Protein chains: 2
Amino acid sequence: MAQSDTVTRILDTAEVLFAERGFAETSLRNITSKARVNLAAVNYHFGSKKALIQAVFARYLDPFSQRFHTALDELEARYAGGVIPLEVLLETMASTVLAVPAERNSLKVFMRLLGLAYSQAQGHLRRYIQQQYGDVFTRFTELVRQATPHLPDAERFWRLHFMLGTVIFTLSGLDALRDIAAKDYNEQVTVKDLVRRLRPVVVAAMHAPLPLLQEEGHYANAHAS
Amino acid sequence: MAQSDTVTRILDTAEVLFAERGFAETSLRNITSKARVNLAAVNYHFGSKKALIQAVFARYLDPFSQRFHTALDELEARYAGGVIPLEVLLETMASTVLAVPAERNSLKVFMRLLGLAYSQAQGHLRRYIQQQYGDVFTRFTELVRQATPHLPDAERFWRLHFMLGTVIFTLSGLDALRDIAAKDYNEQVTVKDLVRRLRPVVVAAMHAPLPLLQEEGHYANAHAS
DNA sequence: CCTCCAGGAAAACAAGTGTTTAAAACATGA
DNA sequence: TCATGTTTTAAACACTTGTTTTCCTGGAGG
């Protein structure tokens with residue numbers, strides 16, 4: 001209750017400001033004034049701006065990774081000992097992501113934050129996320145490995161990141177893209193629609209034939225950087 | 001020459017600092033001190049920080065869009081009147097991107113900047129890029145449309161952005177990913193390698209079967225945001 | 001010679017930043 | 001009710017930010 005309504009007001013305000021403007025571009029005075037809370041409250045309750053940023057992420061990622069873990073538990077039980085098909089794994093991940101708004105209210109904010117975590121400098125964030133939630137991701141990729149034994153490890157690694165890029169890029173830039181799409185194809189897309197569109201694309205990408213190796217001289221004027 | 005060696009020193013320094021730290025996180029004092037140039041020089045030569053950012057982009061995008069235009073000209077001549085196959089279009093785009101380092105020296109910086117342009121708030125940048133270089137992109141997508149007549153317009157739109165996400169996300173986060181990949185699969189990837197890996201994935205993604213429409217209730221707990 | 005003026009250098013400017021301090025208000029259990 | 005510990009508040013602090021201003025330099029052209 002009153003047990004620091006301030007804390008949640010700060011978090012609620014911070015997450016949407018961060019999502020729409022980035023971390024460096026959002027000042028504490030920005031947050032606190034919009035949340036109608038004293039400026040010092042952030043440092044009092046969280047210690048620093050960095051800690052506030054991490055708290056914003058934790059509020060999304062804690063329940064998410066927990067849900068994901070139990071979802072994977074169920075899968076492993078269902079396919080006891082056997083291999084879980086790739087489609088099922090992807091489907092599970094998708095539905096876990098889509099379940100986020102059940103407790104927090106904006107999937108859009110969640111995806112945007114993830115996008116920022118990658119693109120923004122903020123080295124401390126990537127480190128924090130990695131060491132805090134890295135194990136779920138590791139567990140997931142291990143299951144993907146078993147589901148795609150034909151893929152060389154390196155190839156699978158890259159393809160997973162390709163798909164991560166697709167999802168995060170699309171869903172985190174959703175607003176801008178949605179505007180264009182609505183204007184050109186007058187169609188009002190929801191996140192759920194997008195996930196529906198993503199499914200066959202991701203599956204096809206993971207099943208794509210292996211790249212031909214080293215067609216030398218294929219690209220004129222190509223220099224490594 | 002002395003005809004403002006200062007200008008290029010500023011641009012050279014700014015582009016790498018921007019690429020590795022972002023725009024807001026890079027101060028003019030940061031740039032000018034590293035470039036061993038007076039602080040006021042930026043405002044003298046460019047007018048403002050925003051203008052400097054745009055100048056950094058222009059130095060990459062001007063030659064790029066020019067090259068891309070002539071490459072498309074050649075393609076249209078070669079396939080006079082006919083449809084240019086999707087693979088050829090993608091190949092052309094890839095080699096145009098890979099040709100960037102021929103004049104500017106870092107493909108990595110280029111991709112990182114593109115990534116920032118999307119993810120960073122910086123509304124002015126997206127607008128600038130859109131109205132300055134939007135026509136090449138429009139032309140390219142029109143050719144893609146002709147090459148993929150079976151795809152509904154909206155579906156093609158989204159798939160193109162999916163792939164844009166893949167490429168920009170991967171290539172702009174290249175350094176971090178490369179470190180992980182090198183550690184786990186001791187393999188030293190170059191940008192060229194990545195493009196080679198990307199090719200079949202992108203092609204497969206574009207040719208993926210259309211999504212099933214509306215399997216209602218497929219995702220439990222799913223709420224739109 | 002002097003003028004002119006693009007360019008460089010140092011300093012100041014006003015505004016905004018995260019963080020800290022110290023006092024006040026509040027709540028709660030003894 | 002009083003003392004205790006927790007929150008809230010306003011003010012200040014110590015910087016950093018982008019931008020301007022002012023002065024100084026060094027040639028080119030008349």
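All chains are named by letter (A, B, ...) in the order of the sequence lines, taking the proteins before the strands, and each is independently numbered beginning at 1. Since this is a predicted model, take the numbers as computed values, not measurements.
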Those residues that, when tested against B:E155, pass side chain to side chain contact (heavy atoms under 4.5 Å, CB included) (two or more places apart):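 Listed in chain order: A:R197, B:L151, B:P152, B:R159, B:L210, B:P211.
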
Mind calculating the distance between [atom1] ([X]) and [atom2] ([N]) to the nearest angstrom?
X     : N      : atom1 : atom2 : value
A:R21 : C:dT17 : CZ    : P     : 10 Å
A:K49 : C:dT19 : NZ    : P     : 8 Å
B:K50 : D:dG18 : NZ    : C1'   : 12 Å
A:L52 : C:dT19 : CG    : C1'   : 14 Å
A:E25 : C:dT17 : CD    : P     : 11 Å
B:F46 : D:dT20 : CZ    : P     : 16 Å
A:L17 : C:dG18 : CG    : P     : 12 Å
A:F23 : C:dT17 : CZ    : C1'   : 18 Å

Main-chain N/O of B:A35 paired with B:R9 side-chain donor or acceptor, under 3.5 Å: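 Present.
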
Does [N] have OP1 or OP2 sitting under 4.0 Å from an N or O in the side chain of [X]?
X     : N      : result
B:H45 : C:dA6  : no
A:T6  : D:dT8  : yes
B:N43 : D:dG18 : no
B:S27 : D:dT16 : no

Output a table of donor-acceptor pairs, distance under 3.5 Å, between side-chain atoms of residues 133-141 of chain A and any protein atom two or more places apart or on a different chain; print 'none' if there are none.
from	atom 1	to	atom 2	distance (Å)
A:Y133	OH	A:D62	OD1	2.8
A:T138	OG1	A:G134	O	2.8
A:R139	NH1	A:H69	O	3.3
A:R139	NH1	A:H69	ND1	2.9
A:R139	NH1	A:D73	OD1	3.2
A:R139	NH2	A:D73	OD1	2.6
A:R139	NH2	A:E76	OE1	3.0
A:T141	OG1	A:F137	O	3.2
A:T141	OG1	A:T138	O	2.8

Taking only residues two or more places apart in sequence or in another chain, which ones pass salt bridge (charged side-chain N to carboxylate O under 4.0 Å, His left out) with A:E74? none

For A:R59, check salt bridge (charged side-chain N to carboxylate O under 4.0 Å, His left out) against everything at least two apart and list the hits. A:D12, A:E15

With sequence neighbours left out, which residue pairs that include part of residues 163-173 of chain A fulfil the side-chain hydrogen bond (donor to acceptor under 3.5 Å, both in side chains) condition?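 Only A:T166-B:T166 qualify under side-chain hydrogen bond (donor to acceptor under 3.5 Å, both in side chains).
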
Expected list for residues 28-37 of chain A near DNA chain C, using heavy atoms below 4.0 Å, is A:L28, A:R29

Nucleotide nearest A:N38 when distance is taken to its side chain, options D:dA10, C:dA10, D:dT19: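 Between D:dA10, C:dA10, D:dT19, the one nearest the side chain of A:N38 would be D:dA10.
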
Looking across every strand, which nucleic acid part, if any, lies under 4.0 Å from B:A40 by heavy atom: base, sugar-phosphate, or nothing?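 The residue B:A40 makes base contact.
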
Could you give me the CA-CA distance, side-chain angles and deciding distance for B:L171 and B:L198, then say whether side-chain contact (heavy atoms from CB on, under 4.5 Å) is met? CA-CA 10 Å; B:L171 265 47; B:L198 277 166; 4.2 Å; yes

